[in-house]
Amino acid sequence: MKRYIFIFTLLALCLQGFCQSNKVVTKPNTVKTNTAGQSKNTAAVKPKTTTKPTTATTKANTTAKTNTAAKTNGNTATKTNTTIKTNTAKTSSAATGTTAKTENTAAKQPAQTAPQASPTCGYLCNPPLPYMPSKLDILFIGNSYSIDTSTALPEIFNSIGIRNVNVYVLYKGGCSMKQHYNYYKSGEKVYELHLFNYQGEQLLDKAISINEVMRKVGYDIVVFQQYSLESGDYSTYEPYLSKLIQAYNITKISPRTTYAFNETWAYSSKNKNIAKYKTPQNMWKSICSSVKKMKAETGIDVVIPVGTAVQNARNASNLQIQGELTRDDLHLDLYMGRYLAACTFFEAIIAPCMGKNIRDDFTIYGKNGDPSQVNNSNRRILQNCARLAIANNYEISEFVDE
């Protein structure tokens with residue numbers, strides 16, 4: 001009997017434990033169900049959350065919290081509230097991240113598109129040299145160095161057979177670009193106007209203004225040049241070169257014009273003014289440096305490198321030259337020096353336009369017996385000096401004697 005009572009008691013205890021166990025399991029299921037229900041509520045609230053939280057979104061979240069607290073017990077409400085806060089925090093973080101990313105992108109953008117500082121005088125869009133024109137008119141705004149550069153051109157034109165090129169030289173001795181600019185403003189008739197073509201040299205006018213010359217002919221090419229002593233000092237170029245270009249642009253009658261620049265030569269070592277540069281070599285290097293900067297600042301990309309051609313000739317072992325290729329330690333000698341300058345002008349300006357080559361010139365230039373005469377023994381070397389200067393304006397070539 002006692003054994004039956006013990007077994008019954010044991011069964012009762014097991015049954016009680018089983019019921020309590022079922023009761024504990026049921027509660028989490030309820031919580032899960034409620035939580036699932038609140039997840040639906042949270043999901044309903046979540047679409048209202050935007051990338052940038054607003055006051056409306058905050059109110060919606062607060063309402064969701066209140067409803068959840070009313071429908072569930074304390075534990076469930078706490079869990080649901082935590083979930084909502086976490087989602088809200090994630091949304092805020094996402095919004096903050098998006099905003100930060102946008103700000104970073106905006107911060108980087110100006111640095112990528114910031115314009116570079118423009119040069120002081122502005123860039124010039126220089127048209128290319130005309131090709132095979134029916135007539136070619138060139139204006140040289142310069143001084144005595146421009147006369148030296150152009151004097152031998154008629155001999156070359158006749159030798160090669162060119163009859164449709166006219167080179168006008170506006171001449172005033174020792175005239176700088178600053179002076180040209182001032183004479184343009186004043187309109188003073190202080191210039192001579194020379195013409196060089198196959199017929200030789202002609203003096204067209206003894207007293208004319210730069211303004212009159214600019215609108216006299218529809219020039220295809222305009223050549224600028226600096227005063228020799230200032231050629232190696234770029235600070236003397238601007239703003240006068242740019243202002244002269246502007247002046248010509250509003251005065252010209254030609255539909256298009258290519259701009260060029262004549263690079264002058266260094267004085268001989270005996271010239272009294274060489275002290276400014278110490279040596280002819282240093283003077284030439286200073287001139288090259290100024291021309292290089294001129295190209296970058298103005299966009300004039302057509303250069304007549306007479307200065308480098310002269311330095312090539314001074315370093316040629318097979319040329320018998322007098323006075324370092326000058327007649328007075330300043331100007332070029334009458335034959336070899338002037339012929340070399342004309343060859344450089346021809347190759348840089350006229351040959352590309354007319355489809356010609358300085359090699360086709362067989363001029364005997366100068367008096368017989370003159371040590372500076374251009375003849376069959378030195379002509380090719382002088383032509384080499386010119387062509388190599390055009391090929392590399394900033395170095396002395398080793399090939400001039402070939």
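Just the heavy atoms: all of them, side chains too, but no hydrogens, waters or symmetry mates, feed the values below. Here, residue 1 is the first one in the sequence, and each next residue gets the next number.
Residues satisfying the side chain to side chain contact (heavy atoms under 4.5 Å, CB included) criterion with I245, sequence neighbours excluded, are L124, F224, L241, N249, Y259, I300. For Y183, the side chain to side chain contact (heavy atoms under 4.5 Å, CB included) partners are K172, C175, Q179, S186, E188, V190, Y191, not counting sequence neighbours. Applying the side chain to side chain donor-acceptor pair (under 3.5 Å) rule to Q199 yields no partners; only residues at least two apart in sequence or on another chain are considered. Residues passing the ring-ring contact (aromatic ring centres under 6.0 Å, His included) test with F346: none are found, sequence neighbours excluded.
Within the 4.5 Å cutoff, the side chain of T298 has heavy atoms near those of the E238 side chain. Within the 4.5 Å cutoff, the side chain of M177 has no heavy atoms near those of the T236 side chain.
For the residue pair Y219 and M214, the shortest heavy atom distance occurs at CE1-O, 3.6 Å. Between Y171 and I147, the shortest heavy-atom distance links the atoms CD1-CG1, 3.8 Å. Contact between C343 and Q383 at its shortest, heavy atoms only, is SG-CG, 4.2 Å.
Between R327 and D148 a salt bridge is recorded (basic side-chain N to carboxylate O distance below 4.0 Å). A salt bridge between E324 and K270 is absent, with no side-chain N of the basic residue lying under 4.0 Å from a carboxylate O of the acidic one.
With hydrogens and angles ignored, the 3.5 Å screen pairs a side-chain donor or acceptor of D401 with a backbone N or O of N318. Between the side chain of Y267 and the backbone N or O of L229 there is at least one donor-acceptor pair closer than 3.5 Å. Using modelled atom types, one side-chain atom of S290 and one backbone atom of S286 make a donor-acceptor pair closer than 3.5 Å. Looking at S372, its side chain does come within 3.5 Å of a backbone N or O of M336 through a donor-acceptor pair. Checking side-chain atoms of R215 against main-chain N and O of K252 turns up no donor-acceptor pair under 3.5 Å.
Under the 30°/60° scheme for interplanar angles, the aromatic rings of F261 and Y237 are found to lie parallel.
Looking at N378 and Y335, their side chains never bring a donor and an acceptor atom within 3.5 Å of each other. A donor-acceptor pair shorter than 3.5 Å can be found between the side chains of T251 and Y184.
Screening V169, I350, D220, V222 against I138 for a side chain to side chain contact (heavy atoms under 4.5 Å, CB included) leaves a single residue, I350.
Legend: side-chain hydrogen bond (donor to acceptor under 3.5 Å, both in side chains) pairs involving residues 305-316, not counting sequence neighbours, sorted by first then second residue: E263-T308, Q281-Q311, W284-T308, T308-N393, Q311-R314.
Rounding to the nearest 0.5 Å gives a distance of 7.5 Å between NZ of K356 and CD1 of I160.
No close placement of the H194 and Y168 rings is indicated, their centers lying 6.0 Å or farther apart.
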Please set out all donor-acceptor pairs under 3.5 angstrom arising from side-chain atoms of residues 129-137, sequence neighbours excluded.
unit_1	atom_1	unit_2	atom_2	d
D137	OD1	N166	ND2	3.1

